[in-house]
Amino acid sequence: MNTKFYGLTGGIGSGKSTVAAIFSDLSVPTLDLDKVGRTLLNQPQIQHQLVAAFGESILHNQNINRRILREVAFISETNTQQLNHIMHPAIRQAEMLWRKEQTAPFAVIEASVLIESNDVARMRGLIVVLTDLDIRKQRVLKRGKQDEASFHAIDKQQCSDEERKQAADYILYNNRDTQALRRQVNELHQVLT
């Protein structure tokens, strides 16, 4: 049986990880490409390329400081493209290895920039999580990992909800509670199965 791979995306704070967790609860294999990227930051080759691109200020105790890297990388479109140029090939390679291991009817690949990196074509279809900007900002600030300025800097580098709608095969709306989202994911699970 050939596994069908569906992309899962949405803006920062939209609830992509929650959707992926619900799919996982339904025994659907899921891969978080953002987590893959964080793991790759520990590889010496990747670290070397990032320091060459952004300077030693991104290091803390010989490791990449993700907060500083984020601040530097999302300060301009050029820096974001430079980060993507370093990270995306390595992330893609990890994804391809994971794909080869899958045997389920379908699997979900979560990534915040699937549309922006032109990776939708590699997917059977695209699931988009849409959430109002104010709700997304509240969620991100509540996590305490980013301030309002970094939220807006990241959001500005991502595509708009209008672009997400146009690219989507399936849309999940996440402006309410987790139960409402879970109902939508359960319905979509039945469709995709």
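All residue numbers refer to positions in the sequence shown, counting from 1.
The two residues Gln47 and Gln62 come nearest to each other via the heavy atoms OE1-O, 3.8 Å. For the residue pair Asn65 and Ile68, the shortest heavy atom distance occurs at OD1-N, 3.1 Å. Residues Leu26 and Val185 share a closest heavy-atom pair of CD1-CG1, 4.3 Å. Taking all atoms of both residues into account, the shortest heavy-atom contact from Ala104 to Thr3 is O-OG1, 2.7 Å. Closest heavy-atom contact between Lys137 and His152: CD-NE2, 3.7 Å.
Between Glu95 and Arg99, at least one side-chain N (NZ, or NE/NH1/NH2) sits under 4.0 Å from a carboxylate O, which counts as a salt bridge. Salt bridge status for Asp169 with Arg124: absent, with no side-chain N to carboxylate O gap under 4.0 Å. Salt-bridge formation is detected for the pair Arg92/Asp119: a Lys NZ or Arg NE/NH1/NH2 atom is positioned less than 4.0 Å from an Asp or Glu carboxylate oxygen. Electrostatic pairing of Lys16 and Asp34 does not count as a salt bridge here, judged by no charged N lying under 4.0 Å from a carboxylate O.
Taking CD of Gln158 as the reference point, atom CD1 of Ile154 lies at 7.5 Å (rounded to 0.5 Å). Interatomic distance, Asn84 CG to Ser117 OG, rounded to the nearest 0.5 Å: 7.0 Å. Between the OG atom of Ser14 and the CG atom of Asp161 there is a distance of 8.5 Å, given to the nearest 0.5 Å. Remark: Thr39 OG1 to Leu33 CG distance equals 11.0 Å, nearest 0.5 Å.
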- Decide yes or no on side-chain hydrogen bond (donor to acceptor under 3.5 Å, both in side chains) for Ser17 and Glu110, but give the supporting numbers first. CA-CA 8 Å; Ser17 297; Glu110 173 192 354; 2.9 Å; yes

- Message: Run Thr78 and Gln81 through side-chain hydrogen bond (donor to acceptor under 3.5 Å, both in side chains) and show every step you take.
- Response: CA-CA 5 Å; Thr78 304; Gln81 287 173 353; 5.3 Å; no

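In this structure, the side chains of Leu83 and Phe54 come closer than 4.5 Å at one or more pairs of heavy atoms. Looking at Val19 and Leu181, their side chains come closer than 4.5 Å, going by heavy atoms from C-beta outward. Considering only heavy atoms from C-beta on, Ile171 stays 4.5 Å or farther from Arg164 through its side chain. Side-chain contact between Leu130 and Asn174 is absent, with no heavy atoms from C-beta onward closer than 4.5 Å. In this structure, Gln146 and Leu141 have side chains that are not in contact, with every pair of non-hydrogen atoms separated by 4.5 Å or more. Inter-residue side-chain proximity for Asn79 and Val72 is flagged as met; some heavy-atom pair is nearer than 4.5 Å.
For His189 and Phe106, the gap between ring centers is short of 6.0 Å.
Side-chain contact annotation: Glu71 with Ser150, donor-acceptor N/O pair under 3.5 Å absent. Side chains of Thr80 and Glu77: no donor on one and acceptor on the other come within 3.5 Å.
When Leu188, Leu126, Thr30, Leu192 are each tested for a side-chain contact (heavy atoms from CB on, under 4.5 Å) with Tyr6, only one passes: Leu192.
The environment of CZ in Arg38 is crowded: more than 12 heavy-atom neighbours from other residues, nucleotides or ligands sit within 6.0 Å.
Under a hydrophobic-cluster definition in which Ile, Leu, Val, Met, Phe, Trp and Tyr are linked whenever side-chain heavy atoms come within less than 4.5 Å, directly or via other members, Phe23 and Val191 are assigned to the same cluster.
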